[in-house]
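Reminder, nothing fancy here: chain letters follow the sequence lines and each chain counts from 1. In this text, all values refer to a predicted model and were calculated from it rather than measured experimentally.
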Amino acid sequence: MRNIYALIDCDNFYVSCERVFRPDLIGKPVVVLSNNDGCIVSRSNEAKNLGIQMGTPYFKAEEVIKKNRVSVFSSNYALYSDISSRVVEILKMFSPNIEVYSIDEAFITLNLTNSNFTKYGKEIRERILKDVGIPTTVGIAYTKTLTKIATKIGKKNIEYGGVLSLLNEKDDDMYLEMVDVEDIWGVGRQYSKWLREMGIDNAKDLKYANRQVIRHHMTVQGLRTVLELNGIDCIPLDSRRVLKKSITSSKSFGIKTDSLEDIKKALAIDVAQAGEKLREQGSVAGTLTVFLLSNPFKTPCYSNSISIKLPYRVSDTPNLIKYSLIGLGKIFKSGYIYKKCGVVLSDISTVNDVQLDLFNSSFINDFNIKNKAMITMDRINRKWGRDTIKIGSMGIENTLKMKQDMISNRYTTDWNNLLVVNI
DNA sequence: TCTGGGGTCCTAGGACCC
DNA sequence: TCTGGGGTCCTAGGACCC
């Protein structure tokens with residue numbers, strides 16, 4: 001029996017989240033910026049129509065933005081992730097099989113007893129819009145890659161009313177022809193350049209391409225994409241809550257700096273954040289990588305990284321900070337203006353798998369004590385806000401704090417930020 | 001002046017083993 | 001002195017995703 005997939009994809013998600021609390025902005029151009037107010041990462045349809053491109057640096061679009069009175073927001077991840085989880089809760093009512101693919105997309109499988117799939121898709125859409133206030137597009141098909149194609153077309157053509165089903169396969173080729181090769185899930189910049197050179201311009205061309213040639217040039221993943229375009233299900237729903245295999249935390253500095261002392265503090269803050277994520281999933285890390293970059297848009301530039309194999313797996317912030325500062329000391333070179341640093345934790349396993357040190361009997365106690373202290377610290381910080389308790393090396397004030405000049409309130413996750421209504 | 005952050009999977013090649 | 005074939009593990013780098 002064939003699976004039937006639906007992809008529920010929130011429209012212009014970050015912008016839509018901002019509009020939930022600013023309904024006056026519906027119908028008006030709005031953009032949301034990346035961290036540090038660097039690039040434009042979400043655009044309302046009105047902003048798209050002004051020619052504002054995804055990923056454009058803010059300063060390059062500033063003129064168009066001012067001229068057309070586009071509303072601009074810094075990104076507010078506390079708000080977006082809370083709204084995202086509300087959408088997921090609703091989807092769970094429609095299907096027990098769900099894969100939360102990203103902050104604004106989820107796949108579900110549909111039961112064959114729902115005979116009218118398009119109608120069911122519309123019900124899902126309307127429920128999310130009514131209960132959470134977020135508009136979505138729903139794509140329905142026999143493979144996940146085809147649901148991606150369906151939402152892509154559904155978003156561009158309002159006549160589908162936000163739901164497009166490709167279950168009537170004789171029409172597939174007509175739809176596939178509408179989608180450029182660059183826009184296919186699994187085809188990025190490098191592959192699309194090569195495909196274009198091969199005369200493969202759209203999804204229909206790729207569907208009928210020579211499979212051996214594709215396999216050779218684009219590995220098994222490329223082959224899977226071709227098969228999926230043919231309606232052959234190769235990428236199953238992945239509903240496991242998987243443990244992350246690596247955890248990164250890094251940030252560009254709000255102010256560029258050549259000061260090792262400032263960078264040490266910024267790195268300690270990143271490490272603390274990574275450590276918290278590590279403990280949240282009950283894991284410990286065996287390897288830690290520190291990296292440091294000067295401004296890549298300026299010459300001369302310098303970047304370096306160093307990986308440190310930890311003597312034993314840890315998850316406590318003081319140890320992680322200790323080793324990362326050793327690493328930083330080894331790669332820091334004076335005389336450059338730095339703009340970013342960060343840490344990657346890898347070689348991750350669960351706490352239960354930790355190899356204890358036979359020759360160091362005090363180690364077990366040490367491990368347990370530090371962990372209890374960390375768990376308590378995490379709990380307090382979750383309840384009372386980030387950095388209520390922190391490690392000394394993070395400093396009192398983050399001198400390189402990122403820019404977020406236009407951030408909205410944390411309306412749904414902070415009592416002090418509740419929406420105020422004047423009557 | 002101003003250019004984000006956080007992930008996954010696959011492959012090739014080297015080291016090492018029997 | 002000559003020399004084979006097959007396997008595993010690890011790492012770096014390249015591709016992709018949101």
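With hydrogens and angles left out, the side-chain atoms of A/Asp9 and A/Thr136 include no donor and acceptor closer than 3.5 Å. A side-chain donor-acceptor contact under 3.5 Å links A/Thr412 and A/Asp82. Side-chain N/O atoms of A/Glu99 and A/Ser239 include no donor and acceptor closer than 3.5 Å.
A/Leu345 comes within 4.0 angstrom of nothing in the nucleic acid, heavy atoms only. Nucleic acid contact class of A/Lys403 (heavy atoms, under 4.0 Å, all strands): none. Within the 4.0 angstrom heavy-atom criterion, no nucleotide atom of any strand lies near A/Glu62. Using a 4.0 Å heavy-atom distance criterion, A/Val344 is classed as making no nucleic acid contact. Across all strands, A/Phe297 comes closer than 4.0 Å to base atoms (heavy-atom distances). If you check every strand for non-hydrogen atoms under 4.0 Å, A/Asp37 touches nothing. Heavy atoms of A/Lys193 sit nowhere under 4.0 angstrom from any nucleic acid atom.
Summarising the geometry, atom CZ belonging to A/Arg224 is positioned 7.5 Å from atom SG belonging to A/Cys234; distances are rounded to the nearest 0.5 Å.
B/dG6 atom C1' lies 13 Å from atom CE of A/Met402, rounded to whole Å. One can place CG of A/Leu400 at 17 Å from C1' of B/dC2, the figure rounded to the nearest angstrom. If you take CG of A/Leu293 and P of B/dG5, they are 10 Å apart, rounded to a whole angstrom. Distance CD1 (A/Ile40) to C1' (B/dG5): 17 Å, rounded to an integer number of Å. The nearest whole Å value for the distance from the CE atom in A/Met406 to the C1' atom in B/dC2 is 11 Å. Rounded to an integer number of Å, the gap from A/Lys256 NZ to B/dC2 C1' is 8 Å. Distance, A/Asp9 CG to C/dC17 P: 14 Å, rounded to whole Å. If you take OH of A/Tyr77 and P of C/dC18, they are 15 Å apart, rounded to a whole angstrom.
Classification of the A/Tyr80-A/Phe13 ring pair by plane angle, with boundaries at 30° and 60°, yields perpendicular. Between A/Phe107 and A/Trp185, the angle of the ring planes lies from 30° to 60°, which puts this pair in the tilted group.
Ion pairing between a basic and an acidic side chain is recognised when a charged N comes within 4.0 Å of a carboxylate O; A/Arg43 and A/Glu18 show no such pairing. Between A/Lys245 and A/Asp347 there is no salt bridge, since no side-chain N of the basic residue sits under 4.0 Å from a carboxylate O of the acidic one. Ion pair A/Lys148/A/Glu105 flagged as a salt bridge, since at least one NZ, NE, NH1 or NH2 atom sits closer than 4.0 Å to an Asp/Glu carboxylate oxygen.
A/Tyr5 pairs with exactly one of A/Thr145, A/Thr143, A/Asp233, A/Asn97 by the side-chain hydrogen bond (donor to acceptor under 3.5 Å, both in side chains) rule, that one being A/Asp233.
The phosphate of C/dC17 has neither OP1 nor OP2 within less than 4.0 Å of any side-chain N or O from A/Lys144. Residue A/Ser250 places at least one side-chain N or O closer than 4.0 Å to OP1 or OP2 of B/dG6. Contact annotation: A/Lys340 side-chain N/O to B/dG5 OP1/OP2 distance is under 4.0 Å. Contact check, A/Lys339 against B/dG4: a side-chain N or O comes under 4.0 Å of OP1 or OP2.
Minimum atom distance to the side chain of A/Val41 is reached by B/dG4, of the listed B/dG5, B/dG4, B/dC2.
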Any N/O pairs under 3.5 Å between the protein and nucleotides 7-16 of chain B? List them or say none.
{"from": "B/dG7", "atom 1": "OP2", "to": "A/Thr248", "atom 2": "N", "distance (Å)": "2.4"}
{"from": "B/dG7", "atom 1": "OP2", "to": "A/Thr248", "atom 2": "OG1", "distance (Å)": "3.3"}
{"from": "B/dT8", "atom 1": "OP1", "to": "A/Lys245", "atom 2": "N", "distance (Å)": "3.1"}
{"from": "B/dT8", "atom 1": "OP2", "to": "A/Ser246", "atom 2": "OG", "distance (Å)": "3.4"}
{"from": "B/dC9", "atom 1": "OP2", "to": "A/Lys245", "atom 2": "NZ", "distance (Å)": "2.9"}
{"from": "B/dC10", "atom 1": "OP1", "to": "A/Arg224", "atom 2": "NH1", "distance (Å)": "3.3"}
{"from": "B/dC10", "atom 1": "OP1", "to": "A/Arg224", "atom 2": "NH2", "distance (Å)": "3.3"}

Secondary-structure notation, DNA chain B, from Watson-Crick and G-U pairs under 3.5 angstrom (| other strand)
....||||||||||||||
